[in-house]
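Following: one structure in structure tokens, then a few remarks.
Just follow the structure's listing: the first ligand is 1, and inside any ligand the first atom is 1. This chain uses plain numbering: 1 for the first residue, then up along the sequence.
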Amino acid sequence: MIHTVTISAIQQASPTVKIFQLDDADSAFHYLAGQWIDLYVDIQGKTEVGGYSMTSTPTTHGHLELAIKSSTRHPVTRWLHEQAQVGDQVRISDGQGVFFYQAEMSPRVVLVGAGVGVTPLISIFRYIGASLPQTDATLIYSIPSTDEFLFQEDIEKISQLPNMHHIVTLTQADNTWQGKTGRIDAALFKAAGMSDETLYYLCGPQGMVEDVSAVLTSIDVPASRIIYEKWW
Ligand SMILES: Cc1cc2nc3c(=O)[nH]c(=O)nc-3n(C[C@H](O)[C@H](O)[C@H](O)COP(=O)(O)OP(=O)(O)OC[C@H]3O[C@@H](n4cnc5c(N)ncnc54)[C@H](O)[C@@H]3O)c2cc1C
């Protein structure tokens, strides 16, 4: 089903990423935490489509949120960054895809993201924080630089809950950063705590997803407990 929604806010969240709030007054719109939508825009008389993950949680009613990294190549992404205004209408599908979390799937998740690939993971993190105190969740988030730390305030606030944790690692040198540096490796997963029931959700650039799944395999995590979101 296709829903017409209105852009109600646009925020420059980092040098490369804008956050869009969409009014979903249409109560039939439906998604699960971690899913993505097709977003349709008419550009120069032609309907173009882009796929974007929700960053909001389905427990928030009335609006949904997207975080989109700029691209001059992709027509919809470019339109959203360069043309879109508050009040514009766009069309969206319902939530799609198998990259989602629901409580019955496992009592423990580790959400592993790099760069703007954190988008579906923050949806799951917010969802668990808002409504699932029995689920233990750790967000492992790799960022190139401190100014690309998306959702920092929210991640730190949610992590005050006893079941919610995060580890952020920076990949470029920065003297002002007190936290972890370097790539996501086996030691980070061990620091996050491992169990036979943990589900691992991965989203990021292709090389990162391949490297992280090789790391997980090397520490005996079966493929059945690794869930990927591929944007390529
Ligand atoms: C299911 C799905 C969900 C998506 N959700 C989002 C979203 O929430 N926000 C957003 O900005 N874009 C998202 N995209 C990508 C978006 O639809 C366009 O493909 C993108 O804007 C195109 O940019 P580009 O041509 O400059 O690609 P490039 O920047 O050249 O990237 C090449 C491919 O790798 C992917 N990629 C690059 N960096 C990352 C990363 N850190 N994590 C994951 N994939 C990466 C790109 O999306 C693209 O498909 C999603 C795509 C899919 C298929």
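- Between Ser53 and ligand 1, a contact under 3.5 Å exists for at least one N or O pair.
- Using a cutoff of 4.0 Å between basic side-chain nitrogens and carboxylate oxygens, Glu210 and Lys230 are not scored as salt-bridged.
- The existence of a salt bridge linking Asp42 and Arg91 is confirmed by a sub-4.0 Å separation between a basic side-chain nitrogen and an acidic carboxylate oxygen.
- The nearest heavy-atom contact from the protein to atom 41 (N) of ligand 1 is Ala114 O, 2.9 Å.
- The protein heavy-atom contact nearest to atom 39 (C) of ligand 1 is Pro205 N, 3.8 Å.
- Around atom 10 (C) of ligand 1, the closest heavy atom drawn from Phe20, Trp231, Trp232, Phe99 belongs to Trp231.
- Contacts of Val116 with ligand 1, taken as heavy-atom pairs under 4.0 Å, involve both backbone and side chain.
- The shortest N/O to N/O separation between Gly51 and ligand 1 falls below 3.5 Å.
- Distance check on atom 4 (C) of ligand 1: some protein heavy atom falls below the 4.0 Å cut-off.
- The hydrophobic cluster containing Leu66 does not contain Phe151, counting ILVMFWY residues as joined when their side-chain heavy atoms lie under 4.5 angstrom apart, directly or transitively.
- Phe149 and Tyr141 have their aromatic ring centers within a separation under 6.0 angstrom.
- Summary of contacts: the protein heavy atom closest to atom 26 (O) of ligand 1 is Ser71 OG, 2.8 Å.
- With hydrogens and angles left out, the side-chain atoms of Tyr52 and Thr77 include a donor and acceptor closer than 3.5 Å.
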(request) Test salt bridge (Lys or Arg N to Asp or Glu O under 4.0 Å) on Glu65 and Arg126 and set out the steps. (result) CA-CA 12 Å; Glu65 185 189 84; Arg126 284 170 160 167; 2.8 Å; yes
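- For Thr119, a nitrogen or oxygen atom sits less than 3.5 Å from a nitrogen or oxygen atom of ligand 1, counting backbone and side chain alike.
- Heavy atoms of Arg73 found under 4.0 angstrom from ligand 1 belong exclusively to the side chain.
- Gln21 contributes atom CD, which lies 13.0 Å from atom OG1 of Thr6 (distance to the nearest 0.5 angstrom).
- Protein heavy atoms are found inside the 4.0 Å sphere centred on atom 47 (O) of ligand 1.
- Residue-level proximity to ligand 1 for Thr77 is carried by the side chain, the only part with a heavy atom below 4.0 angstrom.
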(request) Any chance you could lay out the side chain to side chain donor-acceptor pair (under 3.5 Å) test for Gln96 and Asp38, step after step, and finish with the verdict? (result) CA-CA 8 Å; Gln96 305 181 48; Asp38 277 323; 3.1 Å; yes
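- Residue Glu82 qualifies as enclosed at atom CD: its count of foreign heavy atoms under 6.0 Å is above 12.
- Heavy-atom minimum distance, Asn163 versus Leu132: ND2-O, 3.2 Å.
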(message) Would Ser53 and Glu229 count as a side chain to side chain donor-acceptor pair (under 3.5 Å) here? Give the steps.
(response) CA-CA 10 Å; Ser53 305; Glu229 184 68 294; 4.6 Å; no
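- Within a 4.0 Å radius of atom 18 (C) of ligand 1, the protein has at least one heavy atom.
- For Leu66, the closest heavy-atom approach to ligand 1 does not fall below 4.0 Å.
- Of all atoms in ligand 1, numbered sequentially from 1 with element shown, those under 4.0 Å from a heavy atom of Gly204 are 40 (C), 42 (N), 43 (C), 44 (N).
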(message) Would Tyr31 and Phe29 count as a ring pair (Phe, Tyr, Trp, His ring centres under 6.0 Å) here? Give the steps.
(response) CA-CA 7 Å; Tyr31 70 102; Phe29 174 72; 5.5 Å; yes
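- Contacts between Trp36 and ligand 1 below 4.0 angstrom, taking non-hydrogen atoms only, involve the side chain exclusively.
- When non-hydrogen atoms are compared, ligand 1 lies under 4.0 Å from the backbone of Ala67 (N, CA, C, O) but not from its side chain.
- Put simply, Trp36 and Met54 are part of two different groups of oily side chains (I, L, V, M, F, W, Y) that touch within less than 4.5 Å, one to the next.
- Ranking the protein heavy atoms by distance from atom 11 (O) of ligand 1 puts Lys69 N, 2.8 Å first.
- Note: no N/O pair closer than 3.5 Å links Cys203 and ligand 1 by distance alone.
- For ligand 1, the polar-atom distance check finds no N/O of Glu229 at less than 3.5 Å from any of the ligand's N/O atoms.
- At the top of the distance list for atom 22 (C) of ligand 1, counting protein heavy atoms only, stands His74 CB, 3.7 Å.
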